[in-house]
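Take a look at the structure below.
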Number of protein chains: 2
Amino acid sequence: MTSTPRRVTQRDIARLAGVSQATVSLVLNNRADADVRIALETRDRVLRVIAETGYAADPVARRLAARFNRIIGVFTYEPAFPSGTRDFFHPFLVGIEEYAERAGCDLLLFTSAPVVDGRRRIFHQDNRLRLADGCILLGREIDAAELHRLNRDGYPYMAVGRRDDAAGPVPYVGADYASAVGQLVESAVARGHRRLAYLGMGSAAESSEDRRRGFAESARAAESAVQLSTAGRDADAVLDDLLADRTTAAFVEDYATAVALELATRRRGLSVPGDLSVLTLGDPTVAVPTEIAFTGFHIPREEMGRQAVEVLASVIDGSSSGLQQRLLPCEPVEGETLGTPDRAVERR
Amino acid sequence: MTSTPRRVTQRDIARLAGVSQATVSLVLNNRADADVRIALETRDRVLRVIAETGYAADPVARRLAARFNRIIGVFTYEPAFPSGTRDFFHPFLVGIEEYAERAGCDLLLFTSAPVVDGRRRIFHQDNRLRLADGCILLGREIDAAELHRLNRDGYPYMAVGRRDDAAGPVPYVGADYASAVGQLVESAVARGHRRLAYLGMGSAAESSEDRRRGFAESARAAESAVQLSTAGRDADAVLDDLLADRTTAAFVEDYATAVALELATRRRGLSVPGDLSVLTLGDPTVAVPTEIAFTGFHIPREEMGRQAVEVLASVIDGSSSGLQQRLLPCEPVEGETLGTPDRAVERR
DNA sequence: CGACGATGCTAATACGTATTAGCATCAATA
DNA sequence: TATTGATGCTAATACGTATTAGCATCGTCG
C-alpha cells in the first residue's frame, strides 16, 4: 500500500528558510505592496528553498482561502465525448479548450451529473458546481428552472447559444440565426422567389425559434410563406406539400433533411435549384454524405466557445460587469442550391 | 456589479436547526458509528433545513479536509478536442468519460499546462495536479522524467498505453500489440508466406517498440524478415524495396501508409493480396478514404480508457493496491488483404 | 446511593493557503 | 533624548468541511 507521503507545504518551506508561513505566502505571491515588504535576501532564501524542495501550492487550499480557482466548469447535457458520429458539441469544445488554454484555466467536465428523465441535471444531491469558478452550459435546450437557480445563486455562468429569460435574463454567447435566415430569405426574394416555405423540426429550442422568427419577419415581403414541420415525415411527403403549394424556395432547418429533400427532388426527375431552391440553416450535426454544395450559412461554433470562455473569465475576475449577451454573425455560404424561380414557375 | 451572495454553509444550517456545525457534518455523511449517534428527530430537523435552503457542500473545503474529491484528472499531451480530422485521443476519451460517469466522478482536463518545446508539461510552476484525486495520462510518448516524478510523489495515476519503467515501474492499461502482431505474422506464415517485411514509422514510442518486437519474435519462423522505416519515403520507393526483397507480406504500422502502399501496388498493375499481402497494425488515426478492407487488428481504445479510470478509481479508494499493469487483447480484423503467396512467388 | 454504561451532542482541531493588523527594530529628525 | 517614520517580518485569523475526544444527561444495576 502506498501511504501517500505528506506533500511539502508552506509550513515546511518556512521552517527550512527560518521564516514564518505568512512570509512564504507573501514571497510566493510576489507581494510588494506599500504595507508588505520582504527583504531581498529573505526573498531569495525562501525562493531557493522552494526550488530545492519542488514545492507546489495546493490548489485546493488556495481556492478555499482565495475563493477562486482558474477552473472553468463545462456542463453538457449529453456526453462531451460522444461515441457515435453525431457530434454536436465538438466544435464548441474546440473553441472552449483553445481559450481555456490561452487563459491558463483548467476545464472541469461535470460527468458526475446524474441522468434524470433522460437528461443530465445540473442540480442534484451533492452537486459539484462550486468546484469551478464559473461554468459554461452546452445543450440545445437548457432547463429554465436550472438557469433560474443559477441566477438566484449568483453563480457565474455562460450559456452557449441564445437563451430566453428564465426569471431574469440569461448571459450567453449565441449565433444570430434570425439575421442569418433573414439574409437568406432576402437574397431568395431578390432573385425573384415569391413562394417560400420553412421546414422546421418542430423544436421549441431558442435556436429553432430564432430561425423561424428570422424567416417570418423577412418573408413578409413574399407572396406566400408557409411553415411546415418535418418531424417524423419522409422527404417525399414533404416534397408533395411543397409542390402543391407551388413553393420555389425551401428553408430547411435540419441539414440532413435538406439532403434528403434534394435527393427526393432528383428522384422525381426534378432538379435543385432548377425546380426548387433548397437553403440550409446551419452546418450538419451528423456526418451526412452528399456531393451537393448547399447554399446557406455557417455557424461560428468554435468562436462561440472561445468567446463564452472569454466573457466568463472576465466576469469571474470582475473585469466585466453587468449582463453579458453576445450574438455572433453567421457566415453566408455560397452554394449551388439557390437559383431563380423561372423554370419552377413556368413548369407548373 | 453582482457581488456574489455568500453561499449557504454548514454553519448556517447549524444555526437554523439549532445544532452545531459538527452535527450537520455528521448528518450529511450519514455517520452512525458506535461513537457517533444522532437522534432521529435531530437528524430529520437538520435534513429538513438542508432541503429548504438547498445547501450543497463546498467540494473544495471537503477536499481540503477529507483529502479526496471524486475528480479524475486527464492529462493529454495534445489538445483533448483537436480541431482537425486527426483525433487520436477521442476513442480513449469516450471510454474515460463513460466510466467516470458511471463512477460518479468529474473529469478535470489540464488545459492550463503550458506548452514547452512543443509539448505540454505536467509539472510546472503552479501545477494543478493535486486538485484531482488521481490522473489519467494520454499520449503516444510520455516524458520519463515526469513519470519519475509522479512515482516519487506517490501521486496516483494511470497511463493509457504500456510504458517502459521510468525509474520504477509505471502503472498502465495498454494494448497487447506484441501478441496481436505475432498472431498476424503466424497466420501469414500459416498461409505460406516466407518473406516478410515490417514497415515502421521509426518511432521510439513503446507502442511502436511492442509491434516491432511482436514481429521480430514471431517472424523467426520465416525465411526472411526485414524491417524498414517508411518515415519520409513515398509508397513507390517502399514498394520497390519490397519487390526487390521478394517480400510477400508487409506488416504496416501506420494505417495511412498501408492505404498508400495498396494504391501504389495497384497503380503498378499488381494486386493486393494477389501479389502482395498488406496487414495493418491498428486502426486509422486520421480519416483515410479507402474502399479496402484491410486485414489487421482493432485496438480496444474505448475499453482501455474505461479500464484506466476503473483501475485508477480503485487505487484511489484503496480497494486495490500494488502495481497495476494491464494489457488488453486486440481484436483480429478479417479483411481481404491477406492472401497466399503462390502467385507472388510464381510471378517473380 | 454511587458506579457505570449508553446516548446525544459539542468543542476543538486539522487541512494549507491568503490576508491583515500590528510588533520590533533602527535611522532620521525635532 | 524623545518622537517619528520607514522597514521587515509575524501572529492571528478566515475559508468550510471532517473528525475525534470528551462532556452532560439519563437509566440501570449492584
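Residue numbering restarts at 1 for every chain, and letters A, B, ... go by the order of the sequence lines. Hydrogens, waters and symmetry mates play no part in the numbers below; they use all other heavy atoms, side chains included.
Remark: Arg140(B) is positioned above the aromatic ring of Phe88(B), its terminal NZ or CZ atom under 6.0 angstrom from the ring centre and at most 45 degrees off the axis.
For Phe81(B) and Phe81(A), the ring centers sit closer than 6.0 Å to each other.
Between Arg62(A) and the phosphate of dA18(C), there is a side-chain N or O to OP1/OP2 separation shorter than 4.0 Å.
Following rounding to the nearest Å, Asp58(B) (CG) and dC15(C) (P) show an atom-to-atom distance of 19 Å. Whole-Å rounding puts the Arg63(B) CZ to dA18(D) P distance at 14 Å. Rounded to whole angstrom, the span from the CG atom of Leu40(A) across to the C1' atom of dG8(D) amounts to 13 Å. Rounding to whole angstrom units, CZ of residue Arg37(A) and P of dT10(D) are separated by 14 Å. In this structure, OH of Tyr55(A) is placed 7 Å from C1' of dG16(C), rounded to the nearest angstrom. dT17(C) atom C1' lies 13 Å from atom CG of Asp12(A), rounded to whole Å. The distance from atom CG of Leu64(B) to atom P of dC15(D) is 14 Å, rounded to the nearest whole Å. Here the C1' atom of nucleotide dT20(D) and the CZ atom of Arg31(B) are 9 Å apart, to the nearest Å.
Between Asp165(A) and Arg163(A), none of the side-chain N atoms (NZ, or NE/NH1/NH2) sits under 4.0 Å from a carboxylate O, so this pair counts as no salt bridge. Look at Glu97(B) and Arg306(B) and you find no salt bridge, because none of the NZ, NE, NH1 or NH2 atoms lies under 4.0 Å from a carboxylate O. Here Glu52(B) does not pair with Arg48(B) in a salt bridge; the nearest charged N to carboxylate O distance is not below 4.0 Å.
Put simply, CZ on Phe89(A) and CG on Leu138(A) are 5.5 Å apart, with the number rounded to the nearest 0.5 Å.
Within 4.0 Å (heavy atoms only), Ala39(B) reaches sugar-phosphate atoms of the nucleic acid but no base atom. When heavy atoms are screened at a 4.0 angstrom cut-off, Val19(A) is found touching the sugar-phosphate backbone but no base atom.
Heavy-atom distances to DNA chain C give each of Gln10(A) and Gln21(B) a nearest nucleotide, and the one nearer the 5′ end belongs to Gln21(B). Along DNA chain C, the nucleotide nearest Arg11(A) and the nucleotide nearest Thr23(B) are compared for position; the residue whose nucleotide lies closer to the 5' end is Thr23(B).
Between dA11(C), dT17(D), dT10(D), one nucleotide has an atom nearer to the side chain of Ser20(B) than all others, and that is dA11(C). In the set dT20(D), dT17(C), dT10(D), the nucleotide with an atom closest to the side chain of Leu26(B) is dT20(D).
An angle of 80°, rounded to 10°, separates the two end axes of the helix from dC1(C)-dG30(D) to dA30(C)-dT1(D), each defined over five pairs.
Checking Leu137(B), Asn151(B), Ile122(B) one by one against Glu146(B), the side chain to side chain contact (heavy atoms under 4.5 Å, CB included) holds for a single residue, Ile122(B).
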